[in-house]
Student: 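Here it is, the structure, as structure tokens.
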Number of protein chains: 2
Amino acid sequence: MDNVPGGEEGGGIMAQVTIREVARTAGVSPATVSRVLNTSETVSPDLKERVLAAVRDLGYRPNSQARSLRTRATTVLGVIISDVTNPFFTAMVRGVEDVASAAGYSVVLANADEDLRKEQRYLEVAAAEQMAGVLLSPASATETSIDVLAERGIPVVTIDRRLKSADVDWVMVDNHRAAKEATLHLVEQGCRRIGFIAGRLGTTTGAGRLAGYRAGLRAAGLPSARELVVSGEFRIDGGREATERLLALPDRPDGLFVSNNLMTIGAVDALDTAGVRFPDDIALVGFDDMMPALSLRSQITAVSQPTYEIGRQATELLLRRVSGEPFPERHITLNAELKVRESSIRA
Amino acid sequence: MDNVPGGEEGGGIMAQVTIREVARTAGVSPATVSRVLNTSETVSPDLKERVLAAVRDLGYRPNSQARSLRTRATTVLGVIISDVTNPFFTAMVRGVEDVASAAGYSVVLANADEDLRKEQRYLEVAAAEQMAGVLLSPASATETSIDVLAERGIPVVTIDRRLKSADVDWVMVDNHRAAKEATLHLVEQGCRRIGFIAGRLGTTTGAGRLAGYRAGLRAAGLPSARELVVSGEFRIDGGREATERLLALPDRPDGLFVSNNLMTIGAVDALDTAGVRFPDDIALVGFDDMMPALSLRSQITAVSQPTYEIGRQATELLLRRVSGEPFPERHITLNAELKVRESSIRA
DNA sequence: CTGAAAGCGCTAACAT
DNA sequence: ATGTTAGCGCTTTCAG
């Protein structure tokens with residue numbers, strides 16, 4: 001059993017140990033305790049020792065609310081992501097945490113669930129909690145408003161998606177280019193009627209991928225048929241429903257490009273259910289890798305994003321802002337890579 | 001463009017609007033503003049009106065640090081989970097959020113990553129931020145310490161796993177029973193050498209499932225061979241490595257039971273790589289469903305947990321504690337269901 | 001029904 | 001080098 005500080009054993013709700021009590025037991029003033037704990041100002045070794053001992057004995061933990069009320073600064077970064085159940089985002093969090101914790105910051109996540117109201121609520125929480133900085137994958141390029149943060153001078157870096165409603169740093173891949181490349185890959189495989197399952201068009205990601213698909217068709221000299229584009233939420237169900245719609249077409253597509261990983265899962269499900277095989281009946285390409293093994297077994301060709309790296313770089317950028325370093329708006333575009341696998345290869 | 005409050009347009013870092021400014025513009029005292037905003041005390045309609053108008057015009061947002069420094073209460077729940085990249089946990093978060101937000105609470109997540117130090121750090125963050133309550137899936141049944149929260153009277157409910165180091169409410173499934181059932185299912189399918197891939201044995205979940213597996217063997221009158229049990233981290237790699245070890249055995253197992261979803265992915269990968277087919281060469285059962293489509297395509301028999309329900313009930317319990325309601329320690333055991341699919345069926 | 005005043009726990013001037 | 005004082009923004013007695 002650990003040595004229980006002060007002998008006050010479990011259960012009881014003890015009052016919080018304050019800096020004054022520490023000061024009293026150490027026989028110094030609160031200011032000295034604070035200096036020992038926070039600053040590099042010189043405190044005599046003797047006092048320092050006594051303070052540290054008191055802190056240990058009493059199990060003192062500074063009240064971070066009081067501290068940041070005073071200093072107007074915290075050591076917590078917020079990450080507001082569009083969907084916690086999407087592996088793409090959680091993988092990114094790894095990169096965020098590694099950089100943040102190396103710099104002494106904690107990371108808390110919030111799930112906006114692609115819902116503008118929830119997103120707004122969490123932006124307000126971040127503001128109210130005076131978080132040091134926020135990483136955000138906005139639910140909408142135009143409707144999301146980061147005013148609450150801007151008003152308080154809390155820096156924001158958007159990840160995966162851009163914001164048209166405000167000028168902020170961002171880190172993402174070139175969705176347009178990647179989608180165009182994927183589309184051309186399908187063309188190369190002989191596809192002539194390529195269906196596209198679009199995600200939330202209100203996001204730059206959703207819109208960019210659609211535009212890339214169209215650019216691909218144009219570059220290949222293929223017509224852009226309206227009925228071949230179906231959009232839905234970035235969810236499994238969205239992908240399934242869209243696929244069903246496309247399969248119901250009198251003239252079925254011979255290729256299918258899906259806007260994100262969750263939608264791809266839905267698409268695969270719908271294809272299976274309908275007995276449509278890939279790549280034989282339809283060549284399939286997705287955006288984003290899934291959980292390792294899913295792509296492994298079903299071998300789905302996909303645009304793979306450097307998720308960890310997005311999180312890492314976004315956080316480094318954010319921390320530079322947090323530290324007050326002034327520099328012009330920074331936009332980082334990372335490379336996405338088309339990983340060609342079985343699902344799109346037609347002999 | 002939205003009406004910009006006070007005409008102070010974007011960009012500039014405005015100082016925070018305080019309750020005093022609101023009071024001043026409304027021509028009342030700060031106390032009155034506070035009353036209008038927080039209490040049900042009667043304030044004359046006229047003043048109330050003026051206050052609300054001022055709040056709106058100034059875009060006033062209460063500083064939650066100051067408030068909770070004063071009231072010692074927040075409206076934020078913390079969820080400290082063992083691994084954000086595990087769909088099991090993120091699915092649970094859905095249930096948490098639904099209940100919490102219906103009750104007016106926000107939810108922030110932290111990723112302990114099965115690491116005791118990180119976990120401790122986040123417990124401290126939760127304490128320092130005076131969170132109203134915490135849901136925790138402890139990294140260890142014995143080494144995890146929630147003292148920092150207990151000291152401050154912050155209630156904790158553990159999810160998925162129990163804590164032996166403290167008496168707290170918990171919500172989980174009966175791992176022992178579910179694992180025993182799954183093992184017996186494999187026996188029924190004719191398996192006689194059933195390999196078991198164990199997770200972190202330091203967690204009640206990891207240990208409970210192992211015990212259930214052994215109980216199953218015992219009930220079936222099968223010997224419990226030491227070499228058939230391999231343990232690892234609750235990760236994809238852990239599952240892969242453990243499977244490789246089992247496949248290297250001179251007398252290969254004819255059945256395989258894997259302790260969680262991520263490990264199952266690794267196991268499937270290892271089996272594929274080794275060219276071992278299931279259910280033909282080895283009958284496979286996992287714990288936890290994966291992302292819908294993965295199980296769909298690979299049709300893996302698995303113990304399915306009511307993730308949403310675990311999150312929901314745990315949060316309801318937590319909120320009752322938060323409200324100060326006194327009741328004896330509460331333990332909720334939900335039902336897990338063995339979903340028999342192709343991977344374990346031997347004709 | 002409303003305002004003045006005190007104080008939550010902490011840190012940063014300012015004294016000494 | 002250390003202590004005293006003031007005050008971050010808010011809520012809550014206490015007076016009136």
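Order of the sequence lines fixes the chain letters, A, B, ..., with proteins taken first and strands second; residue numbering starts at 1 for each chain.
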Student: Could you give the CD-to-P distance, from A:Q65 to D:dC10, as a whole number of Å?
Tutor: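 These atoms are roughly 13 Å apart.
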Student: Separation of B:E129 atom CD from C:dC10 atom P, in whole Å?
Tutor: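 In whole Å, C:dC10 P lies 14 Å from B:E129 CD.
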Student: Of the listed nucleotides (D:dT11, D:dG9, C:dC10), which one gets closest to any side-chain atom of A:R67?
Tutor: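 The closest nucleotide is C:dC10.
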Student: For D:dT2, does either OP1 or OP2 sit under 4.0 Å from a side-chain N or O belonging to A:S44?
Tutor: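 Yes, A:S44 has a side-chain N/O under 4.0 Å of OP1/OP2 on D:dT2.
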Student: To the nearest angstrom, how far is A:E49 atom CD from D:dA1 atom C1'?
Tutor: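 Result: 17 Å.
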Student: With rounding to the nearest 0.5 angstrom, report the CD1 to CD1 distance, A:I159 to A:I332.
Tutor: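 Answer rounded to 0.5 Å: 12.5 Å.
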Student: For A:Q130 and A:S68, test the side chains for any donor-to-acceptor distance below 3.5 angstrom and give the result as yes or no.
Tutor: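 Short answer, no.
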Student: OP1 or OP2 of C:dT11 less than 4.0 angstrom from a side-chain nitrogen or oxygen of A:N38, does that happen here?
Tutor: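 Answer is yes, contact under 4.0 Å.
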Student: B:A31 side chain: which of C:dG3, C:dT11, C:dT2 is closest?
Tutor: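 Closest of the options to the side chain of B:A31: C:dG3.
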Student: Looking only at the side chain of B:T71 (C-beta and beyond, no hydrogens), which of the listed nucleotides D:dT2, D:dT12, D:dC10 gets closest?
Tutor: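 Output: D:dT12.
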Student: Would you mind reading off the distance between A:E41 atom CD and C:dC14 atom P, rounded to a whole angstrom?
Tutor: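 Rounding to the nearest Å, CD of A:E41 and P of C:dC14 are 14 Å apart.
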Student: Can you tell me the distance, in whole Å, between the OH atom of B:Y60 and the P atom of D:dG9?
Tutor: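 After rounding, the gap between these two atoms is 10 Å.
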Student: Would you check if B:S101 and A:R121 make a side-chain contact, meaning some heavy-atom pair closer than 4.5 Å?
Tutor: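 Of all side-chain heavy-atom pairs linking A:R121 with B:S101, at least one is under 4.5 Å.
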Student: For B:N63 and C:dG9, give me the distance from atom CG to atom P, rounded to whole Å.
Tutor: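 Atom-to-atom, B:N63 to C:dG9, this comes out as 16 Å.
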Student: Using whole Å, what does the distance between atom P of nucleotide C:dC8 and atom CD1 of B:I19 come to?
Tutor: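 Between P of C:dC8 and CD1 of B:I19: 18 Å.
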Student: At less than 3.5 Å, do the side-chain atoms of A:R70 and the base atoms of D:dG9 form a donor-acceptor pair?
Tutor: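 When only heavy-atom distances are counted, A:R70 does not reach the base of D:dG9 through any donor-acceptor pair under 3.5 Å.
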Student: Before you tell me yes or no, could you show the steps for A:E316 and A:R320 under salt bridge (Lys or Arg N to Asp or Glu O under 4.0 Å), namely the whole-Å CA-CA distance, both residues' side-chain angles and the distance that decides it to 0.1 Å?
Tutor: CA-CA 6 Å; A:E316 283 179 352; A:R320 284 174 60 195; over 6 Å; no
Student: Below 4.5 Å, heavy atoms only, C-beta onward: do B:F327 and B:D169 meet side chain to side chain?
Tutor: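 In contact.
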Student: As a test of reading the structure: which of D:dT13, D:dT4, C:dT11 is closest to the side chain of A:S29, going by heavy atoms?
Tutor: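 Of the candidates, D:dT4 comes closest.
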Student: With respect to the phosphate group of C:dG3, does any side-chain polar atom (N or O) of B:T32 fall under 4.0 Å of OP1 or OP2?
Tutor: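 Affirmative; the distance criterion is met.
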Student: At 4.0 Å (heavy atoms only), tell me whether A:R72 reaches a base, stays on the sugar-phosphate, or touches nothing.
Tutor: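 If one applies the 4.0 Å heavy-atom cut-off, A:R72 turns out to touch the sugar-phosphate alone, with no base involved.
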Student: Looking at C:dG9, C:dG3, D:dG3, which one has an atom nearest to any side-chain atom of B:V28?
Tutor: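 Of all the options, the side chain of B:V28 is nearest to C:dG3.
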Student: Could you work out which one of D:dT11, C:dG9, C:dA13 sits closest to the side chain of A:R35?
Tutor: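 The closest nucleotide is C:dA13.
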Student: Can you identify which nucleotide, out of D:dC10, C:dT2, D:dG9, has its nearest atom closest to the A:L69 side chain?
Tutor: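 So the side chain of A:L69 is nearest to D:dG9.
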Student: Measure CZ/B:R20 against P/D:dG7 and give the value in whole Å, please.
Tutor: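 Taking atom P of D:dG7 as the reference, CZ of B:R20 is at 10 Å.
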Student: For C:dG9, take OP1 and OP2 only and decide whether either is under 4.0 Å from a side-chain N or O of A:T18.
Tutor: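 No.
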Student: Nearest nucleotide by nearest heavy atom, which residue falls closer to the 5' end of DNA chain C, B:L47 or A:T39?
Tutor: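 Mapping each residue to its closest nucleotide by heavy atoms, the 5'-most match is B:L47.
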Student: With the side chain counted from C-beta on, respond yes when B:R70 and B:R67 share a heavy-atom pair under 4.5 Å apart, and no when they do not.
Tutor: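 SC-SC contact between B:R70 and B:R67 ruled out.
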